[in-house]
Amino acid sequence: MPSVLIYGGGCIGAVATFLTSSAIPPQDIVLVCRSNFDVVSKDGITINSTLWGSGLVVKPTVVRSIHDASKLGKQFDYVFITTKATTKKEDIQAMVSIIAPHTSLVLMQNGIAIEQPFHEMFPTNPILSVVLYTPVAQTSPGVFSHALSARLLLGTYPASAPEGHKTSAEKLKDLLQTGGASVTHEADIQVSRWKKILINASENPICALCRLPDATFFQSAPGAIQFMRDVMEEIARTARASGCTEIDDDVIQQQLDFLTIRELPGVVPSMMADALSGREMEVDALIGNVVDIAAENGVETPRLSTLYYLIRGLNCSFRT
C-alpha cells in the first residue's frame, strides 16, 4: 500500500486526493493545505462531480506545511506537487525533508520546462510529469466542482529515464485509474506538454487581460479567433525549433477547435480567475519559459512576447 503526500490543497490537489483515496486509506494520504487548512482539516475534501457523483467526501491527514509533514515520520512513495508551477530553488529545496531515495515526484502542474529544477535537486528520484485535462473549481473552501472529464497523460522526465522510473510511472497510472481517471502513459510527455501549452500560453493571458471567458472573447471581434491562432502558431514554431516536431498545423487546429466549440459565456481560465481574485499568476511557467525557449532558438514571437510583458506587468500589481 503506497503512502502519498499531496503538496497543495487547491483544485488539482483535491482531485489527486480523491483519485488516490480509492486505493489508499485516508491516514496514508497527507495533504498540505494553506488557505483552506481550517475547513479541510475539520471536514475533509468534498467533490461534486458530473463524472463521479456528488457529495463525495475524503478526509486525509491534513497539515499546514512540508515541515509539519516531515514530523509525521512517514516514508512517502509518491509526492504529488499540485501547487502553481514554481522553479524557485528555495521552494524545491524545502521538499528535501520528505523525499526518500525511493520517492517518486509527481508534477501535476501546468507549464513547459518545469521538470529540470526538480531533476537537478533530486537527480536519482523518478520525476513523473503529468498533463491534466480535468475541469475543476473550488466553489467554497474545501468544496470542489468537477465536470466533463478526468483525462491524465503522464510520463517520465527525461523520456530516457531508467526502467525503474518507467515502472513507477506504470504503478502511478494504475493507482489513478483505480480512482476513476483515464490515464495514458506517454513515451515522451513533453509532446503532450507542448500541446497543452498551445492553449495555456495563448488563452490564459488573453482572457486574463481582457477579463472575458474564452467563448465571449472569440465573439468580441471578427478577428479574435485568428489572433488566438496566430499566438498558437508562434508557440508551435517554438516547440518545433526546440525539437518537438509533432506540434504541427493539425495539432494547432485540434486545440483551437477544442476551445471554439464551447458555448457562451465559455470557460474562465486559471490565469483569469487568479487575476479577478487579485492572486499572482503562473506567468513564467506558462508563458515566460516559452518566450525564453523561442529566444534561445531564434524564433520570433511578437504576439506572445507582447502578452508576456503585459501579463507580467499585471502580475506585479498583485504582489504584496
Side-chain angles (χ1 to χ4, degrees), residues 10-12 83-88 91 109-114 117 131-132 135 137 193-242 244 247 251-253 255-260 262 264-320:
C11 293
I12 301 306
T83 57
K84 290 179 182 179
T86 179
T87 56
K88 294 179 180 177
D91 291 343
Q109 300 170 305
N110 287 321
I112 201 74
I114 65 170
V131 175
L132 301 95
R193 281 210 169 270
W194 276 111
K195 286 181 179 179
K196 192 171 184 188
I197 210 71
L198 283 176
I199 294 174
N200 281 337
S202 57
E203 178 193 53
N204 265 281
I206 288 171
C207 292
L209 288 165
C210 69
R211 300 294 205 272
L212 293 175
D214 52 12
T216 306
F217 167 74
F218 292 137
Q219 294 199 12
S220 66
I225 293 177
Q226 183 59 50
F227 176 73
M228 182 76 76
R229 183 184 178 89
D230 291 341
V231 176
M232 286 184 167
E233 286 178 349
E234 292 181 2
I235 299 166
R237 287 197 295 272
T238 302
R240 292 195 294 270
S242 70
C244 192
I247 310 302
V251 172
I252 295 173
Q253 192 59 50
Q255 298 299 73
L256 191 61
D257 289 344
F258 176 76
L259 298 180
T260 54
R262 291 171 174 165
L264 287 169
V267 169
V268 174
S270 61
M271 193 174 282
M272 177 182 168
D274 286 341
L276 292 175
S277 300
R279 297 188 298 261
E280 280 199 62
M281 300 169 284
E282 295 176 284
V283 172
D284 289 330
L286 297 188
I287 311 169
N289 289 350
V290 182
V291 172
D292 289 344
I293 294 169
E296 291 167 5
N297 289 278
V299 178
E300 295 291 331
T301 56
R303 297 170 186 84
L304 185 67
S305 295
T306 299
L307 291 173
Y308 169 62
Y309 287 111
L310 290 174
I311 205 72
R312 188 182 177 96
L314 178 61
N315 217 29
C316 288
S317 67
F318 302 141
R319 294 173 183 163
T320 56

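All heavy atoms count here, side chains included; hydrogens, waters and symmetry mates do not.
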Legend entry - Test item: Lys195 side-chain N/O and Gln255 main-chain N/O as donor-acceptor pair under 3.5 Å: no

Inset, instruction - Test Cys207 against every option in Val267, Val268, Asp214 by the side-chain contact (heavy atoms from CB on, under 4.5 Å) rule and name the one that passes. - result: Asp214

Legend entry - Whether over 12 other heavy atoms sit under 6.0 Å from Glu300 CD: no

Legend entry - Residues Asn200, Met271; criterion side-chain contact (heavy atoms from CB on, under 4.5 Å); working and verdict: CA-CA 9 Å; Asn200 281 337; Met271 193 174 282; over 6 Å; no

Inset, instruction - Verify, without hydrogens or angle tests, whether Ser305 (side chain) and Pro302 (backbone) share a donor-acceptor contact under 3.5 angstrom. - result: no

Inset, instruction - Please round to the nearest 0.5 Å and tell me the distance separating atom CG of Leu209 and atom CE of Met272. - result: 11.0 Å

Legend entry - Nearest-0.5 Å distance that lies between atom CG in Leu310 and atom CD1 in Ile287: 10.0 Å

Inset, instruction - Supply the atom-to-atom distance Thr238 OG1 to Leu304 CG, rounded to the nearest 0.5 angstrom. - result: 7.0 Å

Legend entry - Residues Asn204, Met281; criterion side-chain contact (heavy atoms from CB on, under 4.5 Å); working and verdict: CA-CA 10 Å; Asn204 265 281; Met281 300 169 284; over 6 Å; no

Legend entry - Student check: side-chain heavy atoms of Tyr308 and Asp284 closer than 4.5 Å: yes

Legend entry - Test item: Ser242 side-chain N/O and Ala239 main-chain N/O as donor-acceptor pair under 3.5 Å: yes

Legend entry - Beyond-backbone contact of Lys84 with Asn110, side-chain heavy atoms, under 4.5 angstrom: no

Legend entry - Side-chain touch Asn297/Arg237, heavy atoms, less than 4.5 angstrom: no

Inset, instruction - With side-chain contact (heavy atoms from CB on, under 4.5 Å) as the test, would you mind laying out the steps for Leu259 and Phe218 before giving the verdict? - result: CA-CA 9 Å; Leu259 298 180; Phe218 292 137; 3.9 Å; yes

Inset, instruction - For Ala236 and Ile252, work out which heavy atoms get closest and say how close. - result: CB-CD1, 3.6 Å

Inset, instruction - Output the distance between atom CD (Glu233) and atom CD1 (Ile247), rounded to the nearest 0.5 Å. - result: 13.5 Å

Inset, instruction - Work out which heavy atom in Ile293 is nearest to a heavy atom in Ala113; give both atom names and the distance. - result: CD1-CB, 4.4 Å

Legend entry - Phe227 vs Ile206 side-chain heavy atoms within contact, under 4.5 Å: yes

Inset, instruction - Please round to the nearest 0.5 Å and tell me the distance separating atom CE of Met228 and atom OG1 of Thr260. - result: 9.5 Å

Inset, instruction - Kindly indicate whether the side chain of Val290, heavy atoms from C-beta on, has any atom under 4.5 Å from the side chain of Trp194. - result: yes

Inset, instruction - For Thr83 and Gln109, work out which heavy atoms get closest and say how close. - result: O-NE2, 3.1 Å

Legend entry - Separation of Leu256 CG from Gln226 CD (nearest 0.5 Å): 8.5 Å

Legend entry - Expected output: side-chain Glu282 to main-chain Ala85 donor-acceptor under 3.5 Å: yes

Inset, instruction - Could you check Glu234 against Leu307 for side-chain contact (heavy atoms from CB on, under 4.5 Å), going step by step and ending with a plain yes or no? - result: CA-CA 12 Å; Glu234 292 181 2; Leu307 291 173; over 6 Å; no

Inset, instruction - Give the minimum heavy-atom separation between Ser220 and Ala224, together with the two atoms involved. - result: OG-CB, 4.2 Å

Legend entry - Nearest heavy atoms of Ala241 and Val299, plus distance in Å: CB-CG2, 3.6 Å

Legend entry - Smallest separation among heavy atoms of Ile197 and Gly111, with atom names: CD1-CA, 3.7 Å

